[in-house]
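Heads up: the structure comes next, in structure tokens.
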Amino acid sequence: MPDVARKILWPALGAGAMLAALSTAPARADEPSAELLARGKYVATAGDCIACHTRPGGQPFAGGLSITTPMGDIISTNITPDPDHGIGKYTLQDFEKSVRHGVRRDGSRLYPAMPYVSYSGMTDDDVTALYTWFMHDVKPVAETPPATSLNFPANLRITMAIWNLVAGESEPETGDAATFDKLRRGKYLAHALEHCGTCHTPRNVMLSEKTDSYLAGASLLGWYAPDITSSKTTGIGDWSEDDLVAYLRTGHVDGLSQAAGPMGEVIEHSSSHLTDEDLHALAAYILQVPAKEDDGEHPARARAGQALDTPDIRSGELTRIDNLNPMDGKGVYDANCASCHGDNGAGTGDHYVPSLFHNAVVGSGHPDNLIMTVLEGVNRTANGVHAYMPGFDGKSDVQRLSNAEIAAVVNYVTATFGNGDHGVTAEQVGAQRVQTPKTP
Amino acid sequence: MAADRSCSSTRIHLATPNSMRMAQALRMSRRDMLLGAMGLATVAVGANPGLAATVDEDTVAPLFLALSKRLTDRETLNPQISQALYAGIIHAVPERRDQIGKLHALMESGNFSSARALATAAEHADPVFKDVIHEIMTGWYRGVADQKVVVYRSALMFDITSDAIYPKTYAAGGPFYWTKTPPEVAVPTGEPALSPSKFVVEPT
Amino acid sequence: MPSEQDLSADVVIVGSGVAGSSIANELVRAGISVIVLEAGPRVDRQHFVENFRNLENKPSYQGPFPSVPWALHPPNQITPNDYLHTTGPDAEAYQQVYLRMMGGTTWHWAGCAWRYLPSDFELKTRYGQGRDWALKYDDLEPFYYQAEVMMGVCGPDPAREDLGSPRRQPYPMEALPISYAAQQFRKLISEKTPYRVVHEPQARNTRPYDNRPTCEGHNNCMPICPIGAMYNGSYSVYHAEAAGARFVPNAVVYKIERDSANKRVTAVHYYDPDKGSHRVTGKYFVIAAHCIETAKLLLVSADEQSPDGIANSSGHVGRNMMDHTGVQVTFISGDKALWPGRGPLETNVIDNFRDGSWRNERGAYLVHMVDDNQVDLATALAISKGYVGRELEEQIRYLASHTVRLFSHNEGLADPENRLTLSSTHKDMLGIPHPEVYYKLPEYTVKSCEHTRGLFRELIGLMHGTDEQWTPGYFPQDHPAGSTIMGTDPKDSVVDGFCRTHDHENLFIASSSVFSSVGTGNITLTVAALALRVADTLKKELSHA
């Protein structure tokens, strides 16, 4: 049945002469309907294209973001409808091939940083809507980002073709994705659009997602995309659907978790813009993903810790202004963290600043995200709230902390408010410090 | 005198970076170095293990805690803070140890149902107790003993105002909490226990 | 230690406070090489936060910053003082404090970012008093805005609250929501008096701005914002460094070398803390070392060519010392609980007396309602009254919630007799004399303060105040100005309208020391705007060179 439907829909692409015309003409021949454009925009948002295809401070979709991968840095391309620098010359078929199959108009293979393995599950209607919106509503930008230069053998795009064979693709969903029932819609959103597995599913040696460990947690760019399976101990099986919806909409659930780094961007650019119905569908689907235990997560990461209640007995001694001596973990915490997170770790009364106990990032057995948060801070706008914490890395204007100080404060925080001291070393912080995304 | 104290705090450190490097080469700690530069023979109580050990064993220390509970009208007070305050108070004025013992004896000799009753009786019995009580109040409420901060955010003055205001640098209300209406406060009716003293505002 | 050949740049800047660091940042981003020489050390925030918490005398905003011996700054506002010696009938009123270290005194300002009024630049023309500046408000307006963007200034919508300084752009950030105490004060003033209370423009984040967080109301702008929500000069140092400027801490400049014609500066010399001497050459030089230290440096550098000091053919270096010397009162309100100290320190101002025809005989002023946490002071006061136990706790709550503090900035006036000289008795470890200032409050300012006292008495009455405590005499506001005064005539001024010294064509001064009058608003934004204008001038000259 799906095959039949596919053949029927492709390449004529469903209903209407207008769409058929679009499939062959790269230009904006006719005015597409407002609904089609709105749907395309929504698909682009749910697919979070902007996250990779825009560099910090750059024009939307003009590319130029450097994406660090184990193979080297991949620089995202310009996907604005500029004919020379972007995808202006792409037909719908060209577009479909690159989005769903990772093949560019010139026939070369895309690097798998582009989640076409996920997007391959997109319905024809949604691909068409996406294409129409890009061609019609995205502002063309006449600039070409620097080319990606990877190390051998990944610099050969043919390698990508082989990789692609290993990675495989999923069959596109069929029919009108807007009419799917809740779980099917949720699955569609999770797989084909939001591509959750791109980050949260561990990869095999060929860098393909391990299909038997879907959403079981994986490292990326110094961050750790945690186990979000339904495991009650190491995943998010003890979250309610409403918790997860709130998280995806705002990036913050009191007493559970908050998003920073790449997940903060996903929420800012993508999930916070989903409809209530889609958020519930996505949450319901995620929450029934089979449990897979993450050995690094014991006990449950969001339930650890409690408020600290100790007096601040002090030396009463002052140090001279040129004192730049490193502080110990407790000292770093008191001087840099306690003003907002509280001496007791409870955060602010209005939850603008989260508590550090009952906090999945602090309670996690993987201290990666806590380290990255201290280094880079939090900068996430969702649902009308701009959550902001300054970073404490070497660019900070607020306070620059050494690797040793960050290791000490992370160990102090996890020991005091989380699941124990993980023995983070200055070297580990140093390794993560260089993981920050770069702009060429 | 306040002026003298403030001046000494800026004279603290006369070392230059080079002399510090020299000191490090000679394996002096920075702290020894700075104290050496200050020409100070005394060391902060909390940082002196010798004295801390004696406070732990000091038989008057528990009496200080018991006395403090009566003078604050509180059933519980933090014993660690108590130790630290006691150490600071007797470091500043060694005779206080004896006076605290005597004030405790006075408390035990009568049936004082309030801080006020004890304080009134104490000043009547010996004017020096007024100073002792001032120091105990300053210790617990302002967190200061021996003219040094013993506790900051844990001082009782912040405990009793925590429904309205935060200690500076520890605000926990989130951005713009300050626009909300704080609690009303009734005009106090209680009487002072001790004779008034001159109030001196330290110059900035 | 930098090697000598490294010590040369297009522009050499002395001082890394808001003025020096913002010039450095502007120039280096225009491709001009820059060296910034800072007398004090490189510093960081975390140790200051802990110093504050360990400080017994919390209101002492100089307290958390114990100076280094090779770059002393005043330890406090007490007279006599270990560093800044003041003399004269109003010696105590000129006991200024400031910080000598990376980022300068903006580590402990309250972020008040006033533009001056157009009339402030034309005091002589309009009111026959003091002096005119050698520039007009309109000349500075674009730079005021540039400074506001650089610092991140929040302020009211001019359509709703016109502060009297015309703007071409809105404030970079929306005005700060005001505290309950300030709301009540505002309401009282608007209902019961002919005056008004306005939002104070502040270099404080009301949203995340420039990689720094939103203000969370720690109420500790002075002495140290614990989270970096308020601007300080260290950010501009960091930004300049990131763009390639060379920042040299612990470099105490003590000598300014000129060519044989005494027309151009050729180098400055500095001591490191061990008194090793270094020579730094450049095409242009900017002294941005704070009003007091700038004049001190020009005088210390006196030599055979210039026996009265550098840039001092007029004899006005060190003269015309001004401030916003004011009055202060604290009292207990008889009305509802206010709980001052929730939110930033200084957010609301009565601005009715910033300008008026009466300025022909008495100085202008503005009044701050200080939103300062009073718990510690209330506790000390209640203990001194003899309270203990439960009654003490009642008193603390009452006093902390009902204490009101008002202070004023009163307009000083340039008087050559108010003069900074070099101490003949005190020298620092490098052998550089301490500064000494003779100060007599001008009659113009005395009259202004008298008027302010009348206003304060009126307000105390309105609030059913008791227990008033007037700070004795006059209150220094740490806004020193005038020591290298600006003017059109080289005979009675030190710099021209572009802050270039009349005597040396490649020597500029970026400091409140160039102010010809002080107006009433805090001086920092005007210092920054003048500095950015200096940067603009240098960019133009260096691109033509």
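Just so we're clear, the structure is a prediction, and the values are computed from it rather than from any experiment. In what follows, chains are A, B, ... by sequence order, proteins preceding strands, each numbered from 1.
Checking side-chain atoms of C:Gln46 against main-chain N and O of A:Ala335 turns up no donor-acceptor pair under 3.5 Å. Using a distance-only test at 3.5 Å, with no hydrogens or angles considered, no donor-acceptor pair links the side chain of C:Asp44 to the main chain of A:Arg400. The backbone N or O of A:Ser339 sits less than 3.5 Å from a side-chain atom of C:His218, completing a donor-acceptor pair. Of the possible donor and acceptor atoms, none in the side chain of A:Arg314 sits under 3.5 Å from a partner among the backbone N and O of C:Asn54. No side-chain donor-acceptor contact under 3.5 Å links C:Arg53 to the backbone of A:Asp312. Within the 3.5 Å criterion, the main-chain N or O of C:Asn211 finds a donor-acceptor partner in the side chain of A:Tyr388.
No side-chain donor-acceptor contact under 3.5 Å links A:Asn325 and C:His47.
When all heavy atoms of C:Pro213 and A:Val398 are compared, the pair lying nearest together is CD-CG2, 4.2 Å. Nearest approach of C:Leu55 to A:Leu318, heavy atoms of both residues: CD1-CD1, 3.8 Å. Minimum heavy-atom separation, C:Asp210 to A:Asp397: O-OD2, 4.3 Å.
A 4.5 Å side-chain heavy-atom check between C:Glu216 and A:Val353 finds at least one atom pair inside the cut-off. Within the 4.5 Å cutoff, no side-chain heavy atoms of A:Pro390 are placed close to those of C:Ile227. Between C:Trp70 and A:Asp322 there is a side-chain heavy-atom pair separated by less than 4.5 Å. Annotation: side chain of C:Phe65 is not in contact with side chain of A:Arg320 (no heavy-atom distance under 4.5 Å).
Between A:Glu317 atom CD and C:Asn51 atom CG the span is 10.0 Å, to the nearest 0.5 Å.
Contacts of A:Asn336 with chain C are made by side-chain atoms alone, with heavy-atom separations under 4.5 Å and no backbone atom involved. For A:Thr348, the part lying near chain C is the side chain, with the backbone staying farther off; criterion is any non-hydrogen pair under 4.5 Å. In this structure, no portion of C:Phe52 lies under 4.5 Å from any heavy atom of chain A.
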ask   = What do the steps show when you test A:Ile321 against C:Arg42 for side-chain contact (heavy atoms from CB on, under 4.5 Å), and what is the final call?
value = CA-CA 8 Å; A:Ile321 50 174; C:Arg42 188 180 279 283; over 6 Å; no
